[in-house]
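The block underneath contains the structure these notes are about, expressed in structure tokens.
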Amino acid sequence: MSWQGRTGRESSFRGRNDDLARLLAWLEHPGLITLTGPPGVGKSRLSAEAAAAAARLGYIPTIVDLSPAAFSDPPIPRIAAALDHPNPGMIRTEEALARIIGDNAILIVLDDCEHEVSTCVRIAACLSARCPNARLIATSPVALKTDGERVHRVAPLAWPKRQSTQASGLTVQQTARQYPAVQLFLDRAQAADPSFDPELQDVTHIIEVCRHVDGLPLGIELLAALTCALPLSELPGYLAKYPNLPPATPGTGHRHHSLATCIQAAADLLPERAAVLLRRLAVFVGGWTLSAAEHVCCFSGLLPDSVAASMDVLAQHSLIEISPGHPPRHRFLNAVRQHAEAALVWADELDAARTRHAVFFAERVEWADSLDPTRERELALRESGLDYDNAVAALLHSARDSAASSGRALTIAGALGWYWEARALTAEGLRLLEIVLTDPTGPQVSHERAKAWLVKGNLEKKAGKWPIAAEAYSRALSDYDELANAEGVARAKHNLANCALVLGRLDEAARLFHEALRLNALTRPVLAARNLDGLARVHYMKGGIEGYGHAVDLQGEAITEARRADDKPNVITEMEVNRGIFAVAARQFDVARSCFASAIRSAQQHDWPEVTCASLEGISEVLRTEGKSVPATQLAAKASGLRVELKLPRAPSDEVSFQTHLDQLRAAFSEPEFLAAWGKGQVMTIEESLQVALAGN
């Protein structure tokens, strides 16, 4: 396997040597390890250090963030994605995840798993039973209470008692060596202000800071960052403005309140523009770019040219984090986000910020949807700062907003269709479409609603629910018809025809493909080619030599039209393979050989192994019908071996057809001769098989 592993460490790590040693000792044995403790205590950071240490012991470390986000992927696909699985959306069960991991020595950290407790418990049980070398660390405020769980409570960092330190006369550096909370403060203060000199500081001020946040690392880091704006000697007095903290007794949640107070203290030191920006950034979900912040947050006096400087101020105060990239992305710590959201509500700016956020991301998804192919779309999304969580948040806000905003929700839903299909998020897409398509306040007939119906049809089709897909396409057709949108009508009819084809209603399919073709013939050659392709499939399914002959001719027209329109190479190559199959059925063997040969050349040029396999199988059938059983068997054997090697399954109907082909080959000559030819085909190189396949072409 080629997993890279992820640890997420960015800065110095203090005061956890004993914790780390215990975790590494526990990793010698299988089972779930759960890190518990109050918010901000450093569970995530300790787990990241454990992952880094485990990597040195031979484990593959991977950290999976399970913190809540708007309709984010479920835990199992998220873990599969972290393990670089090529299609994580298809990994939905614990058993499938276990098969991916197998016997690999891997450490998976499930961070913030309190949001997915039942799923994490099932994952732990399955991996413990099936993956002997896998190890699991979970972080949660409370234990998961599952069999075999070992719980380690992460305590706040130790800090000195003021009276004892004053009596002993310890210096700052001496205190830091004894107390990790002090050392952490010094590290972060020097990072925030390189001129910060520990030797010139009074240790009692640092002790007061550590006491104020009860030794919680997150609180210490935030307060240490204030030293770039406020002298350390003034910090205890500044914190004294918040005297009404809950008493430090177990079970009262005092640390959480201290942390909230710390965040408020940091925010109160911000310049006005930075404070305004901080609260408005809370509308983003998951993260944002500078460009997105400039578009969304600049209203009521905040100007775009001030956003970059204000974000730098927020980063210096440790109120936002910056992730390197092109462009860089910014994000909140969860506790800071809660403060910012509360401030946004208090300032009565929540609706305005959400509306601007929704408008911005509606425009971005609509722009990305106009790009082609999917790879360009994803690159555009990444470069523009548009991420899926923000798009979904914009959709949901628009759906909840006024009737005028419902059209925006439909726009976003229609534009996200390609993403749902590419990421195999069928169920999630259908759930969101249900929200926007059943909204009685939205426009009942519009281009946006019609496109959303098309997307619903596509997703239902992906789910194999062809009758429901047909109903959705019918709704889209009705809307486009009322709007006199010829292109939309043609698309809806083409999709309806495909449904009719799958459902066996061949005459209806033929009629719809013909009607779509009439609309597309003059102005949209790419779509016209797809219509001709559909008609060819209809005639092939009708059967008979005449039907097969019509299929060959129509597919030839489709290929010509697709080439004239400069359609995608993979589409044209698929049409060539289909025409070859139709030609075999029509006993037009020269046409079949030519089609398969052209497809093989394209497959070699673009590295499409599945096309190579299908074409080798097609030429094998041609050779068999010509009485050339030996090379036919060799090509069938090579194609079968390639499919096994590359894990390329056939559709059930194709598998039946292939087995029939093999039976006919066996009947053509004796079993020993068949086995000899099959064995030769198995050991042929791909170049040798292509020479056999393309001989005479």
Side-chain angles (χ1 to χ4, degrees), residues 6 8-11 40 44-45 48 63 65 67-70 72 111-112 188 191-192 218 221-222 224-226 228-229 262-264 266-267 269-299 302-344 347 349-350 353-354 356-361 363-365 378-394 397:
R6 298 160 176 82
R9 301 180 302 155
E10 297 176 353
S11 54
S44 298
R45 183 58 194 275
I63 296 177
D65 184 5
S67 56
S72 57
D111 198 19
D112 282 344
R188 301 303 189 264
L218 178 55
E221 292 179 351
L222 288 168
L226 295 181
C228 68
C262 174
I263 296 169
Q264 181 65 59
L269 284 177
L270 293 173
E272 182 180 358
R273 286 183 299 189
V276 171
L277 180 63
L278 176 68
R279 66 176 181 253
R280 293 179 183 176
L281 289 171
V283 75
F284 289 100
V285 178
W288 64 89
T289 63
L290 173 60
S291 174
E294 289 172 343
H295 281 84
V296 172
C297 299
C298 292
F299 61 93
L302 188 63
L303 300 177
D305 59 7
S306 69
V307 171
S310 294
M311 283 216 294
D312 284 341
V313 171
L314 296 178
Q316 291 170 11
H317 285 71
S318 297
L319 290 170
I320 63 173
E321 295 181 338
I322 303 176
S323 301
H326 301 287
R329 288 186 65 79
H330 306 74
R331 63 178 293 274
F332 276 123
L333 298 170
N334 286 334
V336 179
R337 176 185 295 282
Q338 293 172 4
H339 162 84
E341 289 175 340
L344 188 63
E349 294 178 341
L350 180 60
R354 279 181 171 174
R356 293 181 66 86
H357 175 275
V359 169
F360 174 76
F361 284 107
E363 292 174 351
R364 303 315 286 172
V365 295
E378 296 198 73
L379 180 62
L381 292 178
R382 186 163 59 251
E383 289 181 347
S384 68
L386 171 62
D387 59 30
Y388 179 64
D389 289 342
N390 273 310
V392 171
H397 172 68

Looking at CG of Asp312 and CG of Leu290, how far apart are the two atoms once the value is rounded to the nearest 0.5 Å?
9.0 Å
Test item: [X] side-chain N/O and [Y] main-chain N/O as donor-acceptor pair under 3.5 Å:
{"X": "Arg273", "Y": "Leu303", "answer": "no"}
{"X": "Arg279", "Y": "Ala342", "answer": "no"}
{"X": "Arg280", "Y": "Cys297", "answer": "yes"}
{"X": "Arg329", "Y": "Gly287", "answer": "yes"}

Grab the two heavy atoms, one from [X] and one from [Y], that are nearest each other, plus how far apart they are.
{"X": "Ala391", "Y": "Val365", "value": "CB-CG1, 3.9 Å"}
{"X": "Ala393", "Y": "His357", "value": "CB-CE1, 4.1 Å"}
{"X": "Ala224", "Y": "Ala192", "value": "O-CB, 4.3 Å"}
{"X": "Arg331", "Y": "Gly286", "value": "CB-O, 4.0 Å"}
{"X": "Pro304", "Y": "Glu294", "value": "O-OE2, 3.7 Å"}
{"X": "Ser306", "Y": "Leu302", "value": "OG-CD1, 3.5 Å"}

The residue among Asp111, Ile63, Leu218, Asp65 that forms side chain to side chain contact (heavy atoms under 4.5 Å, CB included) with Ser44 is Asp111
By the definition side chain to side chain contact (heavy atoms under 4.5 Å, CB included), identify the one residue from Val296, Leu281, Leu277 that meets it with Val307.
Leu277
Trace of the side chain to side chain contact (heavy atoms under 4.5 Å, CB included) decision for Leu278 with Phe332
CA-CA 10 Å; Leu278 176 68; Phe332 276 123; 3.4 Å; yes
Can we call the ring centroids of Trp288 and Phe361 under 6.0 Å apart?
no
Does His295 have more than 12 heavy atoms from other residues, nucleotides or ligands lying within 6.0 Å of its NE2?
no
